[in-house]
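Letters go in sequence order (proteins before strands), and every chain restarts at 1.
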2 protein chains.
Amino acid sequence: MTLLDETLAALRPLDPEAVRAAQEHQARLTKPSGSLGELEAIAVQLAGLAGIDPPPLPEPAAVAVFAADHGVHAQGVTAWPQEVTAQMVGNFLAGGAVVNALAAQAGATVVVVDVGIASELGPAAGLRQHKVRPGTADMTVGPAMTRDEALAAIEVGIAVANDLVASGSRCLLTGDMGIANTTASAALIAAMLTTDAGQVTGRGTGIDDALLRHKVDVVRRALALHSPDPTDPVGVLSAVGGLEHAALVGFIVAAGALRVPVILDGVIAGSAALVAAALHPDALVACVAGHRSAEPGHARALAALRMRPLIDLDLRLGEGSGALLALPLVQAAVRVLRDVATFDSAGVTDKA
Amino acid sequence: MTLLDETLAALRPLDPEAVRAAQEHQARLTKPSGSLGELEAIAVQLAGLAGIDPPPLPEPAAVAVFAADHGVHAQGVTAWPQEVTAQMVGNFLAGGAVVNALAAQAGATVVVVDVGIASELGPAAGLRQHKVRPGTADMTVGPAMTRDEALAAIEVGIAVANDLVASGSRCLLTGDMGIANTTASAALIAAMLTTDAGQVTGRGTGIDDALLRHKVDVVRRALALHSPDPTDPVGVLSAVGGLEHAALVGFIVAAGALRVPVILDGVIAGSAALVAAALHPDALVACVAGHRSAEPGHARALAALRMRPLIDLDLRLGEGSGALLALPLVQAAVRVLRDVATFDSAGVTDKA
């Protein structure tokens, strides 16, 4: 039995008794019923995930930034040179990037995982070397990777999640770095939702109209070449995915198996979540949608998954930034269920 | 010269040089330009407010919960008994309410101000006694308060802000407690925007359709009785406002005069911000909209003020809860401008 098979076999739905207990508990808190909106749903979900009301606080938290390169970069889908992937990883390791600033603000740890950067990086503190291959192949010419490589990258994500939780993390956050990875995300979303590339391909880090038209055409050509089958999620990943997308699939399902919440960042994680959902009906049991990015495919993916994002501020950075901004909201949702007095205990009159 | 006049006289617009410096600085950070969306605008605003780039971190933070009762409660606009205002203040002081849990999560201090609770509260740690009158009068029968009382309540808010900043707070958050205060908020918004009550009156803590129709009628009758003039904001407050609304007007303008950011909570603060904006063109220079509540009047108020809320999760609790949830986002916006490396310093290639 592979690590992926073991992980999928450990998935269970939310615990219905803990869900019911949390709902009843929440209704007795000294606040109008329902007045914390979406946060109440998250508190109940996390109780069901932990199997106890109230659930533990989701801390300490760790964001795993899976970094990889993309063969489709050769098609000119972005204004950024490919070496920026490795340069930004250096920036993460030096503590100078947005993910570092936001993690410091939120009290989270940053781990960086090389799952497929094109160049060779030397050893560095905070860098986990799990390169499956030095970047994917160009999906417009052939499959981005083999099926075995996709499975290996998925298992990198599982292993990282397992290790973080074994080391004490009680909340996982998805992060990513990979120049051209919104192209692979758009292809994955179009394939999984059987939608035209034009509906789900966006401007990434900010390309102009002409480049966007070209990017849509690149995604369309890749889909035409592979005709990916959405009922074969590993096949879809192999054909048009990225190594960081595959790792995120593993990271997400492992969080579910570990019963530890995982906060999804933007469109890269959203496309990985679509793939994960096709692997197992309970694959997303631990997932909270951290934010909705400016990428049109992300809104489509979240809608298909019926997930409501916590943050919606036109972010389009990646790195885990949206997940880190959502972390205090998830912690607040649980904190309310843990710490707020009930009408009885506080001597407050409930409404008529 | 009154405290209000002094405070208004100290207001200035954002410092244009600091705004320009922050914009140029932000463009050099190691991230795609614009990729932090709304957070970038907040970082620039806070630089302009502080007059320096980067601005100081907005911490430590303090939420001031202004509590008062409402004579219009007699019209049966809510399912909650009036004594719940005082009971919830007791809950705040005992640390058992949502505002306490969220403040603990965000590292903020809670201060509770009695600006007009109907009953007498004994002295308690954390309670500031500044009662202007024991609740407003019923706005459907006569003015909610006199003009002098409205001015006194505004000056309570100014004094609280001045005191908090003198004690070291570097970020202020609005909070409120007052059974029936969404009725006064709706009346204020309808008056300031010259809109029908039906457009801006909501379900507050969760009333049913019949009670909502009645609440709209109550607001409409109050407006018909007073014909409030939106160019006389203190007159509008006196006619249909609440004592906590008046205090929040003072709190908001004082934050601007002190050049300390103030994060607005929900519809109560939103209606107060409309009144403040009519007092001085730079009254809202320090304001950040923390969230958009489920109340329809709040969306109208924010739109009129051209403010984009950071959190939009169907919250309708008050107490400062939405402002507290937004606090880490405001801190994150500044943290990025302070801590993230530039392309030059990090050796990262900017896009072509």
Side-chain angles (χ1 to χ4, degrees), chain A residues 29-39 78-81 83-84 87-88 90-91 94-98 100-102 104-106 204-206 294 308 310-319 321 324-325 327-329 331-332 335-336 338-342 345-352, chain B residues 29-39 78-81 83-84 87-88 90-91 94-98 100-102 104-106 204-206 294 308 310-319 321 324-325 327-329 331-332 335-336 338-342 345-352:
Chain A
L29 300 181
T30 46
K31 62 174 193 56
S33 178
S35 61
L36 282 178
E38 186 63 16
L39 295 191
T78 168
W80 297 83
E83 62 260 31
V84 170
Q87 289 172 348
M88 282 303 295
N91 198 17
V98 171
N100 305 102
L102 297 185
Q105 175 66 38
T205 48
R308 179 172 174 180
L310 292 173
I311 303 278
D312 192 4
L313 295 171
D314 292 335
L315 309 179
R316 48 182 173 78
L317 176 58
E319 299 182 9
S321 53
L324 283 163
L325 290 168
L327 174 60
L329 300 177
Q331 292 171 329
R335 179 80 76 150
V336 166
R338 291 181 68 85
D339 290 358
V340 172
T342 60
S345 73
V348 175
T349 312
D350 202 350
K351 72 174 176 178
Chain B
L29 300 181
T30 46
K31 61 175 194 54
S33 179
S35 62
L36 281 178
E38 185 63 16
L39 296 191
T78 169
W80 298 82
E83 61 261 31
V84 170
Q87 289 172 349
M88 283 301 296
N91 198 16
V98 171
N100 306 101
L102 297 185
Q105 175 66 39
T205 49
R308 179 172 175 180
L310 291 174
I311 304 279
D312 192 3
L313 296 170
D314 292 334
L315 309 180
R316 49 182 171 78
L317 176 57
E319 299 182 9
S321 53
L324 283 162
L325 290 168
L327 174 60
L329 301 177
Q331 292 171 330
R335 180 81 78 152
V336 166
R338 290 182 67 86
D339 291 358
V340 172
T342 59
S345 73
V348 174
T349 312
D350 201 351
K351 72 175 175 178

- Of the backbone (N, CA, C, O) and the side chain (C-beta and beyond), which part of A/L310 lies under 4.5 Å from a heavy atom of chain B, both, or neither? both
- Using non-hydrogen atoms and a 4.5 Å limit, figure out which bit of B/S345 sits close to chain A: side chain, backbone, both or neither. neither
- Item | Side chain / backbone / both / neither for B/A104 at chain A, heavy atoms under 4.5 Å | both
- If you take all heavy atoms of B/A101 and A/V340, which pair is closest and at what distance? CB-CG2, 3.9 Å
- What residue in A/D350, A/T205, A/V348 has the most heavy-atom pairs under 4.5 Å with chain B? A/V348
- Query: Among A/L324, A/L317, A/T78, A/L329, which residue forms the greatest number of heavy-atom pairs with chain B at distances under 4.5 Å?
  - Reply: A/L317
- So which of A/R338, A/Q331, A/K31 has the largest heavy-atom pair count under 4.5 angstrom toward chain B? A/Q331
- Region of B/N91 that comes under 4.5 Å of a non-hydrogen atom in chain A: side chain
- For B/P32 against A/R316, the heavy-atom pair lying closest together: CB-NH1, 4.4 Å
- Message: Out of A/L313, A/D339, A/L315, A/D314, return the one with the most heavy atom pairs under 4.5 angstrom to chain B.
- Response: A/L313
- Side chain / backbone / both / neither for B/A94 at chain A, heavy atoms under 4.5 Å: neither
- Query: Is it the backbone or the side chain of B/R308 that comes under 4.5 Å from a heavy atom of chain A, or both, or neither?
  - Reply: side chain
- Query: Relative to chain A, which of B/G96, B/A341, B/S321, B/G206 shows the most heavy atom pairs under 4.5 Å?
  - Reply: B/G96
- Query: Pick from B/L39, B/V336, B/V98: which one has the most heavy-atom pairs with chain A under 4.5 Å?
  - Reply: B/V98
- Count the heavy-atom pairs under 4.5 Å between each of A/P81, A/A346, A/G34, A/S33 and chain B, then report the option with the highest count. A/G34
- Item | Within-4.5 Å side-chain heavy-atom neighbours: A/T30 and B/M88 | yes
- Side chain from CB out, backbone as N, CA, C, O: work out which of these in B/P328 comes under 4.5 Å of a heavy atom of chain A, or both, or neither. both
- Find the one option among B/T342, B/L325, B/I311 whose heavy-atom pairs under 4.5 Å with chain A are most numerous. B/L325
- Winner by heavy-atom pair count (cut-off under 4.5 Å) against chain A, out of B/E319, B/E38, B/K351, B/E83: B/K351
- Task: Could you tell me which portion of B/V84 (side chain, backbone, both or neither) has an atom closer than 4.5 angstrom to a non-hydrogen atom of chain A?
- Result: side chain
